[in-house]
S.K.: 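Sharing a structure below in structure tokens format, with a few things to ask.
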Amino acid sequence: MDKNGLSDPYCIVYENKREVKATSCVENTLDPVWDNVVEFCTADYTKTVVSLVLHDKDVTTLETLRIKDDPDDFMGSCNFYLSKEQPYFFKRTMDVLFRVRAGKDGLKRAGIICVSALFRPVPAVAKTEKLRPMGGLPDGEPLDKKFLKKKTDPQALEALLIAEKGGIEIQIIQGRNLVVMDMTGDSDPFVTIKYGSGKEKFKSKVIDNTLTPVWNETCRLPLPNEDDKMIIDVWDKDPLSQEKMGHVTFTLAQLREKGKNPGVKEWYKLKKVKTGEIQLAFTYIAPQVAYNVVVMNLHFVPLCCLVSLPNMNDQWYCGTVNY
């Protein structure tokens, strides 16, 4: 997940741990829709496990800025298979899983995925396709361990908290009449967000040489605890330091109330400075109660379609994946 609370997701489809196809990347969203189609052959559809593995693409302006062999972030995975009793299904909702630590309690739901699947027979497959060992990927893990970080991404953990307890989407829009901090009569303002005395949760870009910056940035954060406050600071960036240009604070109750009017822009006077305002908008993100701990609210519609017809030789089939 990116610092703005969104992702650039794509999905890799595996058949018995063999990669079949990767989708294109959909940028800046937690609700990607690909609407792609893929077909693959299998010797026995009842012994075929289809794995869906989600990644967040590291999108950079210049490809040369990427670290060599640094993999895209793993976002979660799930498996499914068909049987003679149930050779197809349509628009089934499944949980995308994400392992944060070893053990049963370390497997968390990382989203939801909508899948359709059925098989269609292709007689020619009998001459070419061999039966491979049946098996899917470990729950909540990618095929390649290099995609697993030594430590769980803090932003991924925050996404889990948002799904479990609710969150807030904050639009940092612009500032006006900010205090002069530089000898030039201007400032180089940027915004940070934290809870109480805790670590910084978000940092905006720096807008140089202005007292009326326009940031137009959005972030998603879990709601603070009852006894914490969200502190939004405005800073002036200097070559060797940074100076505070004022702040605004919000309690948990205030955030919930403001989030009831999603996207409404309001000006807030900065505290402990003579002049300066910041324009913000809030949207409340409700906990994903229906799916217990659902992290990224992923709707890949439809993602997989395996096709089968009755009254044919059960041993040789060709699968069609629609996502």
S.K.: Looking at CG of D233 and CD of Q242, how far apart are the two atoms once the value is rounded to the nearest 0.5 Å?
M.R.: 9.5 Å
S.K.: Exactly one of T210, T212, L211 should register a side-chain contact (heavy atoms from CB on, under 4.5 Å) with D186. Which one does?
M.R.: L211
S.K.: If I compare all heavy atoms of G167 with all of Y284, which pair ends up nearest, and what's the gap?
M.R.: O-CD1, 3.5 Å
S.K.: For a side chain to side chain contact (heavy atoms under 4.5 Å, CB included) check, start with the C-alpha distance between L82 and T46, then their side-chain angles and the critical distance, and finish with the verdict.
M.R.: CA-CA 6 Å; L82 301 179; T46 65; over 6 Å; no
S.K.: Can you tell me how far OH of Y88 sits from OG of S83, rounded to the nearest 0.5 angstrom?
M.R.: 11.5 Å
S.K.: Quick one: does D8's side chain have a donor or acceptor within less than 3.5 Å of a partner on N28's backbone?
M.R.: yes
S.K.: Side chain to side chain contact (heavy atoms under 4.5 Å, CB included), that's the test. Do N216 and Q171 meet it? Break it down for me.
M.R.: CA-CA 7 Å; N216 278 332; Q171 291 176 261; over 6 Å; no
S.K.: What are the two closest non-hydrogen atoms of R220 and I285, and how far apart are they?
M.R.: CD-CD1, 3.8 Å
S.K.: Working to the nearest 0.5 angstrom, can you tell me the gap between L137 CG and S77 OG?
M.R.: 6.0 Å
S.K.: Is there a path from L255 to I231 through hydrophobic residues (I, L, V, M, F, W, Y) whose side chains come within less than 4.5 Å of each other?
M.R.: no
S.K.: Quick one: closest heavy-atom pair of C219 and F202, and the distance?
M.R.: CB-CD1, 3.5 Å
S.K.: Is any side-chain heavy atom of V214 closer than 4.5 Å to one of I207?
M.R.: no
S.K.: Treat each ILVMFWY residue as a node, draw an edge where side-chain heavy atoms are under 4.5 Å apart, and state whether V206 and V180 are in one component.
M.R.: no
S.K.: Look at the side chain of D236 and the backbone N and O of P189, then say whether any donor-acceptor pair between them is shorter than 3.5 Å.
M.R.: no
S.K.: Is the ring centre of Y45 less than 6.0 Å from the ring centre of Y81?
M.R.: no
S.K.: Check the pair T218, I172 against side chain to side chain contact (heavy atoms under 4.5 Å, CB included), reporting the backbone distance first and the verdict last.
M.R.: CA-CA 6 Å; T218 301; I172 300 96; over 6 Å; no
S.K.: Check this for me, if you would: do K260 and E257 make a salt bridge, where the nitrogen-to-carboxylate-oxygen distance has to be below 4.0 angstrom?
M.R.: yes
S.K.: Would you say I193 and I232 make side-chain contact, with heavy atoms under 4.5 Å?
M.R.: yes
S.K.: Given side chain to side chain contact (heavy atoms under 4.5 Å, CB included), test L54 with V96 step by step and report yes or no.
M.R.: CA-CA 9 Å; L54 312 178; V96 178; 3.7 Å; yes
S.K.: Using modelled atom types and a 3.5 Å cut-off, is there a donor and acceptor pairing between side-chain atoms of Y195 and backbone atoms of P222?
M.R.: yes
S.K.: If only atom types and distance count, is the side chain of Q254 paired as donor or acceptor with the main-chain N or O of T251 below 3.5 Å?
M.R.: yes
S.K.: For the pair E277 and R176, find out whether any cationic side-chain nitrogen is under 4.0 Å from an anionic carboxylate oxygen.
M.R.: yes
S.K.: Just how far is it from atom OH of Y10 to atom CD of E27, taken to the nearest 0.5 Å?
M.R.: 13.0 Å
S.K.: Applying the 4.5 Å side-chain criterion to the ILVMFWY set and letting contacts propagate, would F89 and I113 be lumped into a single cluster?
M.R.: yes
S.K.: With no hydrogens and no angle check, is any side-chain donor or acceptor of T29 less than 3.5 Å from a backbone partner on S7?
M.R.: no
S.K.: Can you find a heavy atom in the side chain of I173 that is under 4.5 Å from one in the side chain of L280?
M.R.: no
S.K.: What is the distance from atom CG of L107 to atom CG of D95, rounded to the nearest 0.5 Å?
M.R.: 9.5 Å
S.K.: Test your reading of the model: is there a side-chain donor-acceptor pair from E169 to the backbone of F282, 3.5 Å cut-off?
M.R.: no
S.K.: Which atom pair, heavy atoms only, marks the closest approach of F74 to G140?
M.R.: CE2-O, 3.1 Å
S.K.: To the nearest 0.5 angstrom, please state how far the NZ atom of K201 sits from the CG atom of L221.
M.R.: 7.5 Å
S.K.: Are the side chain of N225 and the backbone of D227 linked by a donor-acceptor contact shorter than 3.5 Å?
M.R.: no
S.K.: Say whether, by atom type as modelled, one donor and one acceptor occur between the side chain of S187 and the main chain of M181 under 3.5 angstrom.
M.R.: yes
S.K.: State which residue, out of Q174, E266, K265, fulfils the side chain to side chain donor-acceptor pair (under 3.5 Å) condition with Q279.
M.R.: Q174
S.K.: So, do H247 and K272 sit near enough that their side-chain heavy atoms are less than 4.5 Å apart?
M.R.: yes
S.K.: For L178, does its backbone N or O pair with a side-chain atom of T275 as donor and acceptor, under 3.5 Å?
M.R.: no
S.K.: Using the six-membered ring wherever Trp is involved, compare the ring planes of W235 and F190 and label them parallel, tilted or perpendicular (cut-offs 30° and 60°).
M.R.: parallel
S.K.: Can you name the nearest heavy-atom pair linking L270 to M245, along with the distance?
M.R.: CD1-O, 3.6 Å
S.K.: Looking just at side-chain N and O atoms, do S51 and K17 make a donor-acceptor pair shorter than 3.5 Å?
M.R.: no
S.K.: Which heavy atom in K194 sits nearest to a heavy atom in K199, and how many Å separate them?
M.R.: CB-O, 3.6 Å
S.K.: I want to check something: taking the side chain as every heavy atom from C-beta on, are F80 and L52 in contact at a cut-off of under 4.5 Å?
M.R.: yes
S.K.: Test your reading of the model: is there a side-chain donor-acceptor pair from D139 to the backbone of N79, 3.5 Å cut-off?
M.R.: no
S.K.: Any non-hydrogen side-chain atom of D182 less than 4.5 Å from a side-chain atom of D188?
M.R.: yes
S.K.: Does any part of the side chain of W215, heavy atoms only, come nearer than 4.5 Å to the side chain of V191, both counted from C-beta?
M.R.: yes
S.K.: In this structure, is the centre-to-centre distance between the rings of Y268 and F250 below 6.0 Å?
M.R.: yes
S.K.: Does the side chain of C78 reach to within under 4.5 Å of the side chain of L97, using non-hydrogen atoms?
M.R.: no
